[in-house]
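Any value given below was found using the heavy atoms of this structure, including those in side chains, with hydrogens, waters and symmetry copies removed. Protein chains get the first letters and strands the later ones, always in sequence-line order, with residue 1 at the start of each.
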Number of protein chains: 2
Amino acid sequence: MRRRGEELERAILDAAAQELRESGYAGMTMDRVAARAGTNKNAIYRRWPHRAALGVAAYRQLSDDVMPQPDTGTLRGDALELLRRANETWSSPHGVILRALLAAAADEPELLTLMRAPSGADTMDRAWLSVLERAAGRGEAPAAAVHQRVASTPIMLLRAEYATRGVPSVPDGILAEIVDEVFLPLVRGRA
Amino acid sequence: MRRRGEELERAILDAAAQELRESGYAGMTMDRVAARAGTNKNAIYRRWPHRAALGVAAYRQLSDDVMPQPDTGTLRGDALELLRRANETWSSPHGVILRALLAAAADEPELLTLMRAPSGADTMDRAWLSVLERAAGRGEAPAAAVHQRVASTPIMLLRAEYATRGVPSVPDGILAEIVDEVFLPLVRGRA
DNA sequence: ACAATAGGGTACGACCCGTACCCTATAAGG
DNA sequence: CCTTATAGGGTACGGGTCGTACCCTATTGT
């Protein structure tokens, strides 16, 4: 009863994901993945060329969370809510792994493109855009502010916050500052 | 004639910096640094605990460029100029090394704080603040917009651009977009 | 002159990646 | 049903790296 193809691939991915969970990307070594999957590195390298490629694939197993739309009735409330959720995601164990992967793949462009989807960048952007659209519908924001780059700004700032500080989690005050000092003035102008 | 203390330390740092220049951070191996400095790893590890620590210290040798104040007469011109310079810095060989170091030190908070200074974050922030202050003096910006977080936003966005795309350099159109769609509306509101 | 210190030389253990080789179970095809 | 190509399993290895240990020697300062 020797596993093959699909089944074996699943087993490898599960093992890699488990290693990621337990030891992070730095601890996800090929030998350990092979051992845990009950196979050998041969079968792994036949499928993924690098350790990093396996890491990305395994991370994908790990994260398939959807980002539900918040609807607090105000632009500020929606924005703060989205930012808080993003902060939770990034500071969670998943986020730690994700950041390690991003860091490790910093100089391999192909891996970065692979990372884009699982990092939730697209669904995230859509969520922010729809928050902006609803605000525009309520008259809380001008139509000109419904813009891709405006929508992505708060997340970019949060991400940069993680990159510059080494903190495990960004304090809530910073989130509020991003919303009140950047996002809201950007959308509505300064009152 | 055996070198000691200050002199030896200089030689090690110079060797490390040279290795960084030639082979990047990944290629800056301890053995090679020791060989190039004409010493051995002993002397290195007596001074720096990690490879990463030596990398940071060596990078400091490499980059002591000042950021001269642009003064184009308009807020938009100043901002675009600062952003272009930052883009050049980040896309230069130095920038590549810097990014590799930042990535490598992503999970060691002490190293991140060490990186803050050489990454030019402080001088950069001051430059942006003074641009904002001059704009306020000309009546081009409200006093409320002279704010730390406003000042740091464009650089944060540029940095995030480097992080998400794997590009060696951010195209000028993106810089203009950051200025026109985010920075200027943020400072002056939407006309 | 002599002891404490710091460098130099070298070797080593531990770890990891990626590859090679050889054997065997399985699946497909005649 | 038998044969053959394929893919897994086991294992070992080369190459490279980090960080440490040991022992000897030059230099410094007392």
Mind checking [X] for me? I need base, sugar-phosphate or nothing, with any heavy atom below 4.0 Å counting as a touch.
| X | answer |
| --- | --- |
| B/R2 | base |
| B/R46 | base |
| B/R32 | nothing |

Quickly work out the [X] [atom1] to [N] [atom2] distance and round it to whole Å.
| X | N | atom1 | atom2 | answer |
| --- | --- | --- | --- | --- |
| B/M30 | C/dG8 | CE | P | 15 Å |
| A/R4 | D/dT6 | CZ | C1' | 6 Å |
| B/L54 | D/dG19 | CG | P | 10 Å |
| B/I44 | C/dA6 | CD1 | C1' | 15 Å |
| B/N42 | D/dC24 | CG | P | 15 Å |
| A/L8 | C/dT24 | CG | P | 20 Å |
| A/E7 | C/dT26 | CD | C1' | 12 Å |
| A/E6 | C/dT26 | CD | C1' | 17 Å |

Next on the checklist: Salt bridge check, B/E181 against A/R149: does any charged N sit closer than 4.0 Å to a carboxylate O?
Outcome noted: no
Checklist entry - Charged N to carboxylate O under 4.0 angstrom, A/R84 versus A/E88? => result no
Checklist outcome for this item: The residue, A/R47 or A/K41, whose nearest nucleotide of DNA chain D is more 5′ is A/R47
Next on the checklist: With a sphere of 6.0 Å drawn around CZ of A/R21, does it hold more than 12 non-hydrogen atoms of other residues, nucleotides or ligands?
Outcome noted: yes
Next on the checklist: Can you tell me whether the side chain of A/N40 and the base of D/dG10 have a donor-acceptor pair closer than 3.5 Å?
Outcome noted: yes
Checklist entry - Does a donor on one side chain sit under 3.5 Å from an acceptor on the other, for A/D125 and A/S152? => result no
Checklist entry - Using a cut-off of less than 4.0 Å, is there contact between a side-chain N or O of A/T29 and OP1 or OP2 of C/dC15? => result no
